Asks: 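The structure is given below, and queries will be raised subsequently.
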Amino acid sequence: MQFETIPHPAPMPDAAREAAIADPGFGKVFTDHIVTIDYDEDKGGWHSARIGPREPIALDPAASVLHYAQEIFEGMKAFPHADGGFAMFRPEENAKRFNASARRMAMPEISEELFLEAVRLAVKTDAKWMPPVDGGSLYIRPFMFASEAFLGVRPAKQYKFVVILVSTSNYFKGGVNPVKIWVSQDYVRAAPGGTGAAKTGGNYAASLVPQAEAIAKGCDQVVFLDAAEHKWVEELGGMNLFFIRRDGSVITPPLTGTILPGITRDSLIAMLREEGLEVREEPYSIDQWRAEAESGELLETLACGTAAVVTPVGTVTSPQGEFTIGTGGIGQMANKMRERLIGLQNGRVADQHGWVMRV
Ligand SMILES: *Cc1c(COP(=O)(O)O)cnc(C)c1O
């Protein structure tokens, strides 16, 4: 498929852009362009691929996404390399997961090649939005939503696939600090048979009240337990978890359909095994978490995801009280894994896995 280029009449002037990307934070400094591809079941599927000025999207008030939330997204990054080029980290995994999410939400798949081409085109076009700061990246947000004007409940026949970019420094203000976690008592994120393994906006909508509760309790993030027994630790609102134990084993909750299959999670499983640790994907209970933290058997708990890379969990709070992981600081494995991942992404650590794709 050929992408049409719609010229931008007025990209942001250099001085304004440079000011905007000097300390962009996360999620608010958007670039000049947008990639769009339309889907119409009656027109043979995907068509009208284009890149043009970033502008509001016109939607019919009856567009299905506004009523029934048929929507999916991805989160990935482009990183600067020393030679002036850019790289992405395992982007074909994002393309695969996008299609897995699409299947669960009864949406059309998009070929991995087209997905990657759209993402690459966006990054190349807005390359000068890469923030010139340590840890800076272009956060890439591909998404798809049902645009058909129809209030009957069935999968829509029309969709839009869109890629936008966000200039990004650090996800958490103030760099790597251990996060304080609140154990949600009254809410769950995902149930067996539900949409927990799909990257869909509804999962995030459902997490906002428990996340607000976490903030109200003086914590940074919420951790969800399983819906059936309210006993097994699943994940944070947008990050997977690893439990690093003194006996050389590491536990991460298994992908049973209620947990988002993180690409950082998958990468960490491989990297921790290369460290000689025995990584097991098995259920880990909230009681075990507390007991092993208190006995010292648990050395570290890592939270991981594209946005925040690897972040140590410092304390865990629930109505039963608070417990601290290790010293409550940044553990050795958190540091090591974080440095290695960032090194791979920036091209400073040799890529033995073929994980890094030049843009
Ligand atoms: C995106 C996401 C993650 C992390 O996935 P990565 O591919 O590592 O970025 C974890 N949990 C949830 C709920 C997510 O949406």
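Counting convention: from 1, in listed order, for ligands and their atoms alike. These figures come from a predicted structure and were not determined experimentally.
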Asks: Check for me, please, whether I263 and M357 land in the same ILVMFWY cluster - side-chain distances under 4.5 Å, paths through other members count.
Replies: no
Asks: Which donor-acceptor pairs under 3.5 Å do side chains of residues 291-298 form with protein atoms, sequence neighbours excluded?
Replies:
unit_1, atom_1, unit_2, atom_2, d
E292, OE1, R245, NE, 2.9
E292, OE1, Y284, OH, 2.7
E292, OE2, R245, NE, 3.4
E292, OE2, R245, NH2, 2.7
E292, OE2, Q288, NE2, 3.3
S295, OG, A291, O, 3.3
S295, OG, E292, O, 3.4
S295, OG, E297, N, 3.1
E297, OE2, D247, N, 3.4

Asks: What side-chain donor-acceptor pairs closer than 3.5 Å can you find for residues 111-118, not counting sequence neighbours?
Replies:
unit_1, atom_1, unit_2, atom_2, d
S111, OG, L114, N, 3.0

Asks: Going by side-chain heavy atoms closer than 4.5 Å, which hydrophobic residues are tied to V153, directly or by a chain of links?
Replies: Y68, L151
Asks: Between E229 and W232, which heavy-atom pair has the shortest distance, and what is it?
Replies: OE2-NE1, 3.1 Å
Asks: With a 4.0 angstrom cut-off on heavy atoms, strictly below it, pick out the residues next to ligand 1 and order them by chain and number.
Replies: R97, R189, K199, Y204, E235, G237, G238, M239, N240, L260, G262, I263, T264, G305, T306
Asks: First locate atom CG of L236, then atom CD of Q221, and finally report the distance between them rounded to the nearest 0.5 Å.
Replies: 5.5 Å
